[in-house]
Novice: 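Structure provided below as structure tokens; questions to follow.
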Amino acid sequence: MTQSMKGNVMANRSSGLDSLLDALRQSGIDMDGFGGAKGGPKEVDYEEVEGDDEGASRSTGSGSGGRGNSPHIDINLSFFDNMRAPSKPALIIGIVVVLLILAGCYWWFHPPINIHSVDMWVWIGIIMIILFLFFRAKSKARQTGTATVEASKSKAKTLKIVSYIPLAVIAVGILGAVFSLSIIPGNAEKYASVLKTDTLEFAQDIKEVNYNEIPVIDRDSAILLGNREMGSIPEYVSQFEVSSLYSQINYQGAPVRVSPLNYADLFKWFTNREGGIPAYALVNMTTQDAEIVRLGDEPIHYSTSEPLVRNIDRHVQLKYPFYIFDEKSFEIDEDGHPWWICPVRTYTIGLFGGETIDRVVLCDATTGECQDLALEECPQWVDRVFPAELLIKQYNWYGAYNNGWLNSFLGQEGVVRTTPGTDGTLGYNYIAKDDDVWVYTGVTSATGDKSIIGFVLVNQRTQESHFYSVSGATEDSAMESAEGQVQNLRYTSTFPLLINVANQPTYFMALKDGAGLVKKFAMIDVQRYQNVAVGDTVADTQKAYEALLATNGVSADAAGSVDVVQKTGVIRSMAQAVIESNSHFYVTIEGDDGQIYDFALPGLLDIVGYKEGDTITFTYLEGTGANPAYEIVDGEGDETATGLPEDTNSANVLDPNASTVTEPGTSGAAGAATA
């Protein structure tokens, strides 16, 4: 390279590098260690670089401290390094400002002051990282010295040691999370014992359904009805809206959903905050009646729509700063007075594992007064202390870990889980039992097939848990079966409700149209989900389903739950049909205008021995379509044949996979003709 070319290269490189170094110095980065002289980079001999391959692999910038000839950039946090010692008044003012900021952040975000709180550990982590960076920067400044700080090896070492304290605090949180894992020896057994479940007999523990108390709509339908009722009150609809909470409770012996009104927006809150929220929505789940209950002189002042002091989350958390609150619910007592139910969460495994509820705080939604109660002190009218999702999670812990952690994913012997929902959410519903609300969900094997091995009920107030061993179809299979009966109408099924009909576990569900309105109802035998009865009303569906049980020989108790009528007459006509693999004889009797009697085989096989003109005596179950025959008797009233077989192992027992669908309003004769 010629001397002139070398000079041009050096001039260009020096100009560009000087500009870069000046920019870096102005940004606070110490560039004094880069190059040979403090004022700039050391000149590079390019002829030497070209002529020496070994030299080409080395940088010619000067180094120090045994670093060789490699150029380096010493980056310091100048903000911390160049901090000057403040004056005493400035220090006091600074401390006060910092404390006020921290107090304001705590008031606004109100994290629980509890070692088990994840929210608190997030705040601790942020603060510890800032402290770590501060002490490390100060230690480095003392190590080398700056324009404002004298170098001191001893102080640098002390600050470096102090900087490890924030890291140790963070390590405590990480270790606490690790020791919460189920893989830690002994933790699997602890997880399995958080919820203790007793195994009971379904027919003995679950009373037969009272159709006047059965909830016939789901949460979505309740929201639709409540919002529609709200729209009919002009003075409310422009200022308030119904909250989406809609908690299901038992109120004066009936299943209802309740939800407070909310301020429509921030401006509506500002204009109405003095008067408070004047009403709440109440929807009867049985009658489908909705009303907006006015509170008169005791409006709701504490709610989730309050942005400041009277926000229910902030109010309760600041009153009990060391409590970790779970999901709150809105309820009313037997007098219709509004309350907030605030469960207190605790952790039993490590720092963040094995969560459960050990206390409950009741907050008066009108006055804000609170009662801190143990679980056993909780009044009877309170229905929801344990959130449904938490109870299902606790049962799944039992199902997964009752035989140990290793078995939960290798052998999986005895591993079970609750049935999933159909829309990505957990699959569960609520049952009213003993004036409490119980969470219901099916239990299936770990492989997640389309059948259940039983179902579990858990009390939301006491955490009492019962398992019932019943094999049958999952809820989503039952929903598909019900929808298949009205597929031409394209109705969709609600998540099933479990009821006891003639000591048979039965799915009950509503069928809704595209607008979300309930149009029909369905009952499905859990054990034989092909047995489906559909009706326009609950009463029609009840009759059709109970008749279906009797004619298919599912339960000998079915006849006791419906009216059995005896009939004697001369057979006027007989017609045979096969419906869904089952043979049926449809009989009319002389003098009975419009009455058709359905004799299902093989339960009533003796009907094949009769012909038109013969006299027959039989009992039947009254229905809205064809009347299902129950038994055939001789002339003296002795039983000769019955639709309910005595020996369930005999050849005359109906195939459990076969089904007969009796739909109200469908004539048996018409069914025979079409078949």
Novice: Side chains of Ser465 and Tyr395: is there a donor and an acceptor less than 3.5 Å apart?
Specialist: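 No.
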Novice: Taking Asp333 for the side chain and His337 for the main chain, is one N or O donor matched with an acceptor at less than 3.5 Å?
Specialist: yes
Novice: Assess, by modelled atom type and distance only, whether the side chains of Gln380 and Arg461 contain a donor and an acceptor separated by less than 3.5 Å.
Specialist: yes
Novice: Assess the side chains of Thr419 and Glu475: does a donor N or O sit below 3.5 Å from an acceptor N or O?
Specialist: yes
Novice: Could you go through residues 386-394 and list every donor-acceptor pair under 3.5 Å that involves a side-chain atom there, pairing it with any protein atom two or more places apart or in another chain?
Specialist:
{"from": "Glu389", "atom 1": "OE2", "to": "Tyr428", "atom 2": "OH", "distance (Å)": "2.8"}
{"from": "Lys393", "atom 1": "NZ", "to": "Glu355", "atom 2": "OE2", "distance (Å)": "2.9"}
{"from": "Gln394", "atom 1": "OE1", "to": "Gln463", "atom 2": "NE2", "distance (Å)": "2.8"}
{"from": "Gln394", "atom 1": "NE2", "to": "Glu355", "atom 2": "O", "distance (Å)": "3.1"}
{"from": "Gln394", "atom 1": "NE2", "to": "Thr356", "atom 2": "OG1", "distance (Å)": "3.3"}

Novice: Which is it for His584 and Phe599 under the side-chain contact (heavy atoms from CB on, under 4.5 Å) test, yes or no, and what are the steps along the way?
Specialist: CA-CA 6 Å; His584 293 256; Phe599 292 78; over 6 Å; no
Novice: Can a donor-acceptor pair be found, under 3.5 Å and without considering hydrogens, that links the side chain of Gln252 to the backbone of Glu334?
Specialist: yes
Novice: Is it the case that the side chain of Asn396 and the backbone of Thr418 share a donor-acceptor pair, with hydrogens and angles ignored and the cut-off at 3.5 Å?
Specialist: yes
Novice: Using ring centroids (six-membered ring only for Trp), state whether Phe618 and Tyr597 fall under 6.0 Å.
Specialist: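 Yes: the rings meet the under 6.0 Å criterion.
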Novice: Will you find, in the side chains of Asn459 and Asp436, an N or O donor that is under 3.5 Å from an N or O acceptor?
Specialist: yes
Novice: Between Asp592 and Lys567, does at least one N-O distance fall below 4.0 Å, as a salt bridge requires?
Specialist: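 Judged by the 4.0 Å cut-off on N to carboxylate O distance, Asp592 and Lys567 do form a salt bridge.
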Novice: Angle between ring planes, Phe455 versus Tyr440, binned at 30° and 60°: parallel, tilted or perpendicular?
Specialist: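 If you compare the ring of Phe455 with that of Tyr440, the planes turn out perpendicular.
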Novice: Please determine whether side-chain contact (heavy atoms from CB on, under 4.5 Å) holds for the pair Gln595 and Asn627, giving the CA-CA distance in whole Å, both sets of side-chain angles, and the decisive distance to 0.1 Å.
Specialist: CA-CA 8 Å; Gln595 294 294 321; Asn627 300 301; 2.7 Å; yes
Novice: Any salt bridge linking Lys512 with Asp218? Criterion: basic side-chain nitrogen under 4.0 Å from a carboxylate oxygen.
Specialist: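 Asp218 and Lys512: salt-bridged.
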Novice: Anything under 30° is parallel, anything over 60° is perpendicular, the rest tilted; go ahead and classify Trp381 against Trp339.
Specialist: tilted
Novice: Validate the cation-pi geometry between Lys433 and Trp438: distance from NZ or CZ to the six-membered ring centre under 6.0 Å, angle to the ring axis within 45°.
Specialist: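 Yes, Lys433 lies over the aromatic ring of Trp438.
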